[in-house]
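Whatever order the structure lists ligands and atoms in, that order sets their numbers, starting from 1.
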Amino acid sequence: TASILRMTIGFNLQTDVQVKGPPKVYMNKKSEYGNEGDSIVLTCKSSSYPSIEQWKWYKDYEGEANVILVNDTEGRMSIISTPEKTELHINSADIKEDPGKYICNGTNSEGSDTAVITLKVRSRLAALWPFLGIVAEVLILVIIIFIYEKRSRTDDIPEDEDGGAAPLKSSSAVNEKGSNIRQSNSN
Ligand SMILES: *[C@@H]1O[C@H](CO)[C@@H](O)[C@H](O)[C@H]1NC(C)=O
Ligand SMILES: *[C@@H]1O[C@H](CO)[C@@H](O)[C@H](O)[C@H]1NC(C)=O
């Protein structure tokens with residue numbers, strides 16, 4: 001039992017020594033995509049030892065100083081953090097305000113680290129495009145079938161002499177007469 005105890009102590013010491021240091025923070029993705037009006041969650045994690053004492057989120061406005069993000073009073077943006085991870089919740093994503101780069105910063109007693117994620121927000125219409133494509137395809141198919149059916153129906157008409165063809169004939173007769181009159185006038 002003494003050797004087992006020594007081994008356990010040795011193991012614990014080793015892991016402590018190996019892992020202790022400045023934190024490493026990371027995000028699972030380089031970019032996140034959302035639709036306008038959706039709820040979006042950006043997650044930043046760390047398994048560092050000592051654990052993260054303070055998490056911060058910034059928005060990177062290119063060329064300007066980063067803006068620190070905090071819970072906003074209207075509840076559109078909120079930050080939920082534990083020592084292992086931090087989540088930035090964006091409710092009802094805005095296509096003008098929200099796209100861009102988000103930076104998360106985790107700090108422990110040994111130092112700090114940052115990670116970046118790019119958020120892209122698509123308009124509701126863009127989300128509809130695949131659906132509109134299908135609707136257009138179906139419409140074209142229906143039109144083709146309609147034209148085809150109409151054609152095969154007009155092909156049947158000559159067999160039925162008293163049908164829709166009769167008014168056409170009389171109107172063409174009028175036209176012939178008219179042209180005859182015009183012809184005689186010019187002569
Ligand atoms: C921000 O809001 C979340 C959820 O509403 C809450 O858990 C968290 O403690 C808040 N943070 C601050 C700094 O008020
Ligand atoms: C991250 O936060 C720590 C603690 O507030 C700060 O000292 C450090 O400069 C920050 N790092 C960056 C890159 O903003």
Notebook entry, point to check: Among side-chain atoms of Thr118 and Ser31, is any donor-acceptor pair under 3.5 angstrom?
Noted result: no
Item checked: For Thr107, the ligand 2 atoms whose distance to one of its heavy atoms is below 4.0 Å -> 2 (O), 3 (C), 4 (C)
Notebook entry, point to check: Counting from 1, what ligand 2 atoms have a heavy atom of Thr114 closer than 4.0 Å?
Noted result: 12 (C), 13 (C)
Note to self: Applying salt bridge (charged side-chain N to carboxylate O under 4.0 Å, His left out), can you list everything that pairs with Lys120, at least two apart in sequence or on another chain?
What the structure shows: none
Next item on the list: Using a strict cut-off of less than 4.0 Å between a Lys/Arg side-chain nitrogen and an Asp/Glu carboxylate oxygen, indicate whether Asp98 and Arg76 qualify as a salt bridge.
Entry: yes
Check: Taking distance alone, with no angle check, do Lys56 and ligand 2 share an N/O pair under 3.5 Å?
Finding: yes
Checklist line | Which atom of Ile79 lies closest to which atom of Ser81, heavy atoms considered | finding: CG2-OG, 3.6 Å
Next item on the list: Mind checking side-chain hydrogen bond (donor to acceptor under 3.5 Å, both in side chains) for Lys85 and listing every partner two or more places apart, or none if nothing turns up?
Entry: Glu87
Next item on the list: Considering non-hydrogen atoms only, spot the tightest contact between Met27 and Tyr102 and give its length.
Entry: CE-O, 3.9 Å
Note to self: Give me each pair satisfying salt bridge (Lys or Arg N to Asp or Glu O under 4.0 Å) with a member in residues 47-64, each pair once, sequence neighbours excluded.
What the structure shows: Glu62-Lys101
Item checked: Pocket residues of ligand 1, ordered first by chain and then by residue number (heavy-atom cut-off under 4.0 Å) -> Asn71, Ser78, Ile79, Ile80
